[in-house]
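Here's the structure, in structure tokens; my notes come after.
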Amino acid sequence: MASLVRHVTIDCADPYRLGEFWAKALDGKLADDDFPGDPEALLETPGAVLLFIRVPDGKTVKNRVHLDLQPQDRSRDEEVERLLELGATVHDDQRRPDGTGWVTMADIEGNEFCVERSAAERAATA
């Protein structure tokens, strides 16, 4: 049997704070034994398990790997607004007049991720 991805690991300055942001963004829960100041934080979500690890060096270049989010109960644009309220920023807006496209955002530590259209939005333009 081949290997399985156990979790996606994200280097960061403050694992607990970044884990809290992503817990709100993805409707997940940090592990019960994770606390502010810990060197790592584990987030379980319905779609993936994310592990945040404190590293001494800050982010300096574009991510080589990023998360693509697909809203489940709202539109892409509604999800972008919700994530902005959580502290994310828009990095690059690739939305097109016909409703297609995506938005590249950055989390509270500058890690890029994309927000795609929901399944309902995709079906409506298929």
Side-chain angles (χ1 to χ4, degrees):
M1 177 178 200
S3 296
L4 299 174
V5 175
R6 183 169 174 217
H7 40 66
V8 177
T9 302
I10 300 172
D11 293 348
C12 59
D14 188 337
Y16 190 84
R17 182 171 174 257
L18 189 57
E20 283 187 313
F21 167 85
W22 281 105
K24 292 173 186 168
L26 300 175
D27 195 25
K29 182 179 182 316
L30 289 175
D32 291 337
D33 59 351
D34 287 328
F35 300 98
D38 284 353
E40 62 184 49
L42 186 71
L43 172 64
E44 295 191 33
T45 74
V49 177
L50 305 178
L51 177 63
F52 302 93
I53 303 262
R54 178 179 297 122
V55 296
D57 41 320
K59 182 179 176 315
T60 58
V61 298
K62 181 183 180 297
N63 298 356
R64 295 286 305 256
V65 175
H66 69 266
L67 304 176
D68 286 335
L69 307 184
Q70 183 181 54
Q72 300 300 299
D73 60 352
R74 59 185 60 97
S75 71
R76 173 200 56 211
D77 295 347
E78 291 168 332
E79 183 68 348
V80 167
E81 289 305 314
R82 186 180 77 85
L83 294 166
L84 287 169
E85 290 174 8
L86 293 178
T89 57
V90 172
H91 179 72
D92 185 29
D93 194 333
Q94 292 292 321
R95 290 177 280 195
R96 298 183 190 105
D98 67 357
T100 61
W102 66 93
V103 179
T104 302
M105 301 186 78
D107 69 19
I108 59 174
E109 287 202 12
N111 302 300
E112 296 92 0
F113 63 97
C114 292
V115 180
E116 300 178 349
R117 294 178 299 153
S118 68
E121 289 172 298
R122 288 177 182 273
T125 59

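Quick caveat: nothing in here was measured; it's all calculated off a predicted structure.
- Ion pair Glu79/Arg82 flagged as a salt bridge, since at least one NZ, NE, NH1 or NH2 atom sits closer than 4.0 Å to an Asp/Glu carboxylate oxygen.
- Residues near Trp102 contribute nothing to a hydrophobic cluster around it, because no ILVMFWY side-chain heavy atom sits closer than 4.5 Å to its side chain.
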- Message: Evaluate Leu42 against Val49 for side-chain contact (heavy atoms from CB on, under 4.5 Å), listing each step before the verdict.
- Response: CA-CA 7 Å; Leu42 186 71; Val49 177; 3.5 Å; yes
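- Applying the side chain to side chain donor-acceptor pair (under 3.5 Å) test to Asp98 and every residue at least two apart in sequence or in another chain returns Thr100.
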Side chains of residues 106-116: which donor-acceptor pairs under 3.5 Å do they make with residues two or more places apart or in other chains?
{"residue": "Asp107", "atom": "OD1", "partner": "Glu109", "partner atom": "N", "Å": "2.8"}
{"residue": "Asp107", "atom": "OD1", "partner": "Gly110", "partner atom": "N", "Å": "3.1"}
{"residue": "Asp107", "atom": "OD1", "partner": "Asn111", "partner atom": "N", "Å": "3.0"}
{"residue": "Asp107", "atom": "OD1", "partner": "Asn111", "partner atom": "ND2", "Å": "3.3"}
{"residue": "Asp107", "atom": "OD2", "partner": "Trp22", "partner atom": "NE1", "Å": "3.0"}
{"residue": "Asp107", "atom": "OD2", "partner": "Asn111", "partner atom": "ND2", "Å": "3.1"}
{"residue": "Glu109", "atom": "OE1", "partner": "Ala13", "partner atom": "N", "Å": "2.8"}
{"residue": "Glu109", "atom": "OE2", "partner": "Ala13", "partner atom": "N", "Å": "3.3"}
{"residue": "Glu109", "atom": "OE2", "partner": "Asp14", "partner atom": "N", "Å": "3.0"}
{"residue": "Glu112", "atom": "OE1", "partner": "Lys59", "partner atom": "NZ", "Å": "3.4"}
{"residue": "Glu112", "atom": "OE1", "partner": "Asn63", "partner atom": "N", "Å": "3.1"}
{"residue": "Glu112", "atom": "OE1", "partner": "Asn63", "partner atom": "ND2", "Å": "3.4"}
{"residue": "Glu112", "atom": "OE2", "partner": "Lys59", "partner atom": "NZ", "Å": "3.2"}
{"residue": "Glu116", "atom": "OE1", "partner": "Arg122", "partner atom": "NH2", "Å": "3.1"}

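- With sequence neighbours excluded, the residues forming a salt bridge (charged side-chain N to carboxylate O under 4.0 Å, His left out) with Lys29 are Asp32, listed by chain and number.
- Sorted by first then second residue, the ring pair (Phe, Tyr, Trp, His ring centres under 6.0 Å) pairs that include residues 28-51, not counting sequence neighbours, number zero.
- A donor-acceptor pair shorter than 3.5 Å cannot be found between the side chains of Arg117 and Ser75.
- In this view, His66 and Asp68 satisfy the side chain to side chain donor-acceptor pair (under 3.5 Å) rule, not counting sequence neighbours.
- Taking OG1 of Thr9 as the start and CG of Leu50 as the end, the distance is 9.0 Å to the nearest 0.5 Å.
- The main-chain N or O of Ser118 is found under 3.5 Å from a side-chain atom of Glu121 such that the two form a donor-acceptor pair.
- Listed by chain and residue number, Gln94 satisfy the side chain to side chain donor-acceptor pair (under 3.5 Å) test with Asp92 (two or more places apart in sequence, or in another chain).
- The side chain to side chain donor-acceptor pair (under 3.5 Å) test applied to Arg54 returns no partner, not counting sequence neighbours.
- Smallest separation of non-hydrogen atoms from Phe21 and Leu83: CE1-O, 4.4 Å.
- Shown here are the side chain to side chain contact (heavy atoms under 4.5 Å, CB included) partners of Asp33, two or more places apart in sequence or in another chain: Ala31.
- Leu86 CG to Lys24 NZ: the interatomic distance, rounded to the nearest 0.5 Å, is 6.5 Å.
- In terms of hydrophobic clustering, with Ile, Leu, Val, Met, Phe, Trp and Tyr side chains grouped at heavy-atom distances under 4.5 Å, Ile53 and Leu26 are assigned to different clusters.
- Under the salt bridge (charged side-chain N to carboxylate O under 4.0 Å, His left out) criterion, Arg95 pairs with Asp77, Asp93, not counting sequence neighbours.
- A 4.5 Å side-chain heavy-atom check between Met105 and His91 finds every atom pair outside the cut-off.
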